[in-house]
Protein chains: 2
Amino acid sequence: MTDLSEKLKNSGLKITPQRMEVMRYISGTLNGHFTAEDIHEELKKTEPTIPISTIYNITRALSEVGLLKAFEINGRMVFESNIETHANFYCTSCNEISDIAISSAIKESLIPHNFVVTDISLILKGVCNKCNVKEIAAEA
Amino acid sequence: MTDLSEKLKNSGLKITPQRMEVMRYISGTLNGHFTAEDIHEELKKTEPTIPISTIYNITRALSEVGLLKAFEINGRMVFESNIETHANFYCTSCNEISDIAISSAIKESLIPHNFVVTDISLILKGVCNKCNVKEIAAEA
DNA sequence: ATTACTGCAAATACTTTGCAATTGT
DNA sequence: ACAATTGCAAAGTATTTGCAGTAAT
């Protein structure tokens, strides 16, 4: 029994090949960010007829038990395996999303007293370092 | 020339009755949160045939010039007049959104160095105080 | 054996777009 | 007069749902 299947089992979810594939793909790329379509494209490689609704079903199940984190950006869901509280930076120039760590002191302070917080989504938008350098170079 | 129309003018936007109505409605309720549908329902009171696409056009124009803030939650846009950096708390029990202030020290620390940040969206989900009290009372 | 999950198709929900008519500057 | 905005209809995109068949426990 692998690490991933154990996680599924411990979460009370059944171990299906499709779920394993999603877990494997999402956990595979460290700090990766995936849309339902990304995952769909990947799974179609080995299972060409898998419908995208199954991807949605799986990602919802996995995020409900906390095995992955879901957030929405530009009108679509994005899934990631990094379930630690962190910020996601979306670059409006290259459309890439990158993780930004936040200190535990800040994490603490973000949670309001007397509120039961089950989910934190911190999304920054702007221009990433790489694109910013490019743009400055292009102006010169 | 009212305060609101001056804001529009200064932003380079034309002053139309529809925009004024949206501004008035959104700024009217302090710390209010509105979906396109909310605004649509409100404007229909005085202009019954106004299409919802106009609401979307207006909210986009206003948020582009920074006269209101837009974020997405549960697959839909939410608009608010509070353009200060703050957190929005979504209660999964009563579906209400409330503002949560964050200190300027935290604001500072949220912005990564070397990144050009144009937008910050901090959304917390959980159970608000009011609902939490109700639930505890119901259990007793 | 039972319950949960997948696959498929269709529906839903929200937002955007194109364009002609109108309005603000 | 000119450019921007509204109103309308239609399209587009992302996600959800119902249900029959299948697979996991």
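Naming: A, B, ... by sequence-line order, numbering from 1 per chain. Every heavy atom of this structure was used, including side-chain atoms; hydrogens, water molecules and symmetry mates were not.
- Heavy atoms of other residues, nucleotides or ligands lying less than 6.0 angstrom from NZ of B:Lys107 number more than 12.
- Checked for salt-bridge contact, B:Glu21 and B:Arg24 meet the test: a charged N lies under 4.0 Å from a carboxylate O.
- Regarding contacts with the backbone of D:dT17, a side-chain N or O of A:Arg60 is found under 4.0 angstrom from either OP1 or OP2.
- Listed by chain and residue number, nothing satisfies the ring pair (Phe, Tyr, Trp, His ring centres under 6.0 Å) test with A:Phe71 (two or more places apart in sequence, or in another chain).
- Residues of residues 45-53 of chain B that place a heavy atom closer than 4.0 Å to DNA chain D, in numerical order, are B:Glu47, B:Thr49, B:Ile50, B:Pro51, B:Ser53.
- Side-chain atoms of A:Lys134 and A:Asn129 form no donor-acceptor pair, as typed in the model, at a separation below 3.5 Å.
- Across the helix from C:dA1-D:dT25 to C:dT25-D:dA1, the helix axis at one end is tilted relative to the axis at the other end by 50° (nearest 10 degrees, each axis from five pairs).
- Applying the side-chain contact (heavy atoms from CB on, under 4.5 Å) criterion to A:Ser53, with sequence neighbours excluded, gives A:Pro51.
- Through direct or indirect side-chain contacts shorter than 4.5 Å among Ile, Leu, Val, Met, Phe, Trp and Tyr, B:Ile120 is connected to A:Phe89, A:Ile100, A:Ile102, A:Ile106, A:Leu110, A:Ile111, A:Phe115, A:Val117, A:Ile120, A:Leu122, A:Leu124, B:Phe89, B:Ile100, B:Ile102, B:Ile106, B:Leu110, B:Ile111, B:Phe115, B:Val117, B:Leu122, B:Leu124.
- In this structure, the CG atom of A:Asn57 is 15 Å from the C1' atom of D:dG21, given to the nearest Å.
- Look at CG on B:Leu43: it is 12 Å from C1' on D:dT6, rounded to the nearest Å.
- Taking a 6.0 Å sphere around NZ of B:Lys7, one finds it holds 12 or fewer heavy atoms contributed by other residues, nucleotides or ligands.
- Residues A:His33 and A:Asp38 form no side-chain contact, since every pair of their non-hydrogen atoms from C-beta on lies 4.5 Å or further apart.
- Applying the 6.0 Å contact sphere to CD of A:Glu135 captures more than 12 heavy atoms from other residues, nucleotides or ligands.
- Under a 4.5 Å side-chain heavy-atom criterion applied to ILVMFWY residues, the cluster that includes B:Ile136 comprises that residue alone.
- Considering only residues two or more places apart in sequence or on other chains, A:Tyr90 meets the ring pair (Phe, Tyr, Trp, His ring centres under 6.0 Å) condition with none of them.
- Heavy-atom distances under 4.0 Å link DNA chain D to A:Gly75, A:Arg76, A:Met77 of residues 64-77 of chain A, given in residue order.
- For the residue pair B:Glu80/B:Asn88, the side-chain donor-acceptor check at 3.5 Å is satisfied.
- By the side-chain contact (heavy atoms from CB on, under 4.5 Å) test, B:Met77 pairs with B:Ala70, B:Glu72, B:Phe79, sequence neighbours left out.
- The stretch residues 9-21 of chain A touches DNA chain D through A:Lys14, A:Ile15, A:Pro17, each having a heavy atom within less than 4.0 Å of the strand.
- For the salt bridge (Lys or Arg N to Asp or Glu O under 4.0 Å) test, residues two or more places apart in sequence or in another chain that qualify with A:Glu41 are A:Lys44.
- To the nearest angstrom, P of D:dG7 lies 16 Å from OH of B:Tyr56.
- The outermost nucleotides of DNA chain C lying under 4.0 Å from heavy atoms of chain A, listed 5' to 3', are C:dT3 to C:dA9.
- With B:Phe34 as the partner, the side-chain contact (heavy atoms from CB on, under 4.5 Å) test is satisfied by one option alone out of B:Val78, B:Thr29, B:Ile97: B:Thr29.
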